[in-house]
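Structure first, commentary second.
Indexing begins at 1, ligand by ligand and atom by atom, following the structure's order. Every heavy atom of this structure was used, including side-chain atoms; hydrogens, water molecules and symmetry mates were not.
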Amino acid sequence: MDAALLPKAELHVHVEGTLEPELVVELAQRHGVALPTTDPAALRAARRFTDLQSFLDQYYEAAELLRTEQDFHDLMAAYLARAERAGVRRAEVFLDPQHHTERGVPLEAVFDGLSAAAAASPVSVDLVPCFLRHLGPDAALEALRTWLPHREHFVGVGLDSTEVGNPPAAYAPAYAVAAAEGLHRTAHVGEEGTAADVAEALDTLGIERLDHGNHCLDDGEVVARLRDTGTPLTVCPLSNVALRVVNALEDHPLPAMLAAGLQVSVNSDDPAYFGGYVDDNYRALRDVVGLTDDQLTALALASFDASFAEPAAKDAWRAEVRAAASAPLASPTAS
Ligand code: ADE
Ligand code: ZN
């Protein structure tokens with residue numbers, strides 16, 4: 001079965017990371033911004049990174065082209081059209097509102113544009129704004145206070161941006177407010193950070209999921225804790241290769257995570273930058289890492305298990321996965 005035919009949830013995708021070079025060119029024209037080149041292929045070729053920060057620098061610069069409600073709408077509409085073709089039934093989409101509001105973009109333009117595109121898509125979508133680590137914990141708390149009047153637009157909060165030098169515990173006050181408001185909680189930890197950072201996030205943030213979490217594997221006790229609490233990890237294989245969190249896809253620790261009994265889902269992170277959408281990540285796991293169709297089916301089921309969606313919707317999507325997995329393969333010669 002092709003990976004795109006497997007119904008799946010995408011739980012770790014940054015909407016700003018779905019900004020394809022073609023849309024960069026369109027937005028630059030729309031706003032009269034001069035680019036070094038207007039050739040999308042050349043822009044795409046320049047998306048090469050040595051680590052997380054080298055990526056973030058490009059990602060934030062390109063995201064400065066997002067200025068109006070229409071821009072945010074067009075970005076989300078393009079992602080959801082592609083996600084639908086990838087078999088995504090449910091998308092829990094991160095955004096970085098602080099990066100937009102600090103440039104003077106009204107929060108309404110961000111939320112209204114993204115939510116309008118989501119409402120027009122057959123994909124079930126919820127938004128998860130993230131606190132930007134490089135702006136610090138006070139700014140996070142202040143940002144959350146400005147987001148709360150727009151509570152109908154989002155279901156949870158996340159934590160992203162520069163991990164090294166910005167340990168998670170400082171964000172505990174913002175996470176406590178989020179919990180008191182009934183918001184879901186997840187955080188990027190253990191991507192470039194350590195297993196100790198993962199333990200600190202579990203101790204202090206009240207998170208329901210862990211984004212990336214790769215370095216948990218360096219400490220058996222942290223792995224056991226994640227396994228025993230059933231804390232799901234949203235893993236992003238192509239991202240990990242592009243940002244050199246792993247040396248090569250062949251060496252990706254996802255099989256080790258499964259063997260350790262961790263709850264894992266497969267996600268794209270920033271697909272316009274890392275060479276593939278979520279279906280491409282599933283395909284890479286099959287073709288390069290050697291996962292079987294049964295393992296991919298289990299990963300698709302796990303993606304719904306870890307979703308923040310309503311239980312009845314999750315049940316229906318899991319039934320769809322089982323039906324897709326047991327359907328006979330279409331003959332390539334059948335008309
Ligand atoms: N923001 C967008 N993608 C990210 C990643 N992979 N890690 C941390 N922050 C991010
Ligand atoms: Zn991410």
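- For ligand 1, the atoms closer than 4.0 angstrom to any heavy atom of H212 are 6 (N).
- Polar contact check, E191 against ligand 1: a nitrogen or oxygen pair lies under 3.5 Å apart.
- Backbone and side-chain nitrogen or oxygen atoms of S239 are examined, and none is located within less than 3.5 angstrom of a nitrogen or oxygen of ligand 1.
- Among the backbone and side-chain atoms of D160, no N/O/S atom is found under 2.8 Å from the Zn ion (ligand 2).
- With respect to the salt-bridge test (charged N to carboxylate O, under 4.0 angstrom), the residues E22 and R44 qualify.
- Among protein heavy atoms, atom 9 (N) of ligand 1 sits closest to S161 N, 2.9 Å.
- Looking from atom 1 (N) of ligand 1 to the surrounding protein, the closest heavy atom is H14 CE1, 3.5 Å.
- Judged purely by atom type and a 3.5 angstrom limit, K314 uses its side chain to pair as donor or acceptor with the backbone of S307.
- Assignment of G17 to the shell around ligand 1 is not supported, since no heavy atom sits closer than 4.0 Å.
- Among all protein heavy atoms, the one lying closest to atom 3 (N) of ligand 1 is D270 OD2, 2.7 Å.
- The protein atom (non-hydrogen) at minimum distance from atom 6 (N) of ligand 1 is D269 OD2, 2.7 Å.
- In summary, an N, O or S atom of H188 is located under 2.8 Å from the Zn ion (ligand 2).
- Under the 4.0 Å criterion applied to side-chain N and carboxylate O atoms, R30 and D74 are assigned as salt-bridge partners.
- One N or O on the side chain of S326 and one on the backbone of A323 form a donor-acceptor pair closer than 3.5 Å.
- Counting heavy atoms closer than 4.0 Å to ligand 1, residue E163 contributes nothing at all.
- Using a 3.5 Å distance cut-off with no hydrogens or angles, the side chains of N281 and S268 do not pair a donor with an acceptor.
- Taking a 4.0 Å cut-off on heavy atoms, E16 fails to register as neighbouring ligand 1.
- Under a 4.0 angstrom heavy-atom cut-off, T162 registers as lying outside contact with ligand 1.
- Proximity of F94 to ligand 1, defined as any heavy-atom pair under 4.0 Å, is not found for any part of the residue.
- Contacts between L52 and ligand 1 below 4.0 angstrom, taking non-hydrogen atoms only, involve the side chain exclusively.
- Short contacts between ligand 1 and F55, defined as distances under 4.0 Å to a heavy atom of the residue, involve ligand atoms 2 (C), 3 (N).
- D269 contributes atom OD1 as its closest N/O/S atom to the Zn ion (ligand 2).
- Between the side chains of S121 and E84, no donor N or O sits under 3.5 Å from an acceptor N or O.
- Using a 3.5 Å distance cut-off with no hydrogens or angles, the side chains of T162 and R133 do not pair a donor with an acceptor.
- Counting only N and O atoms by type, the side chains of D71 and H31 include a donor and acceptor under 3.5 Å apart.
- Two rings, from Y59 and H99, have their centers 6.0 Å or more apart.
- Residues H134 and Y60 place their aromatic rings such that the two centres sit under 6.0 Å apart.
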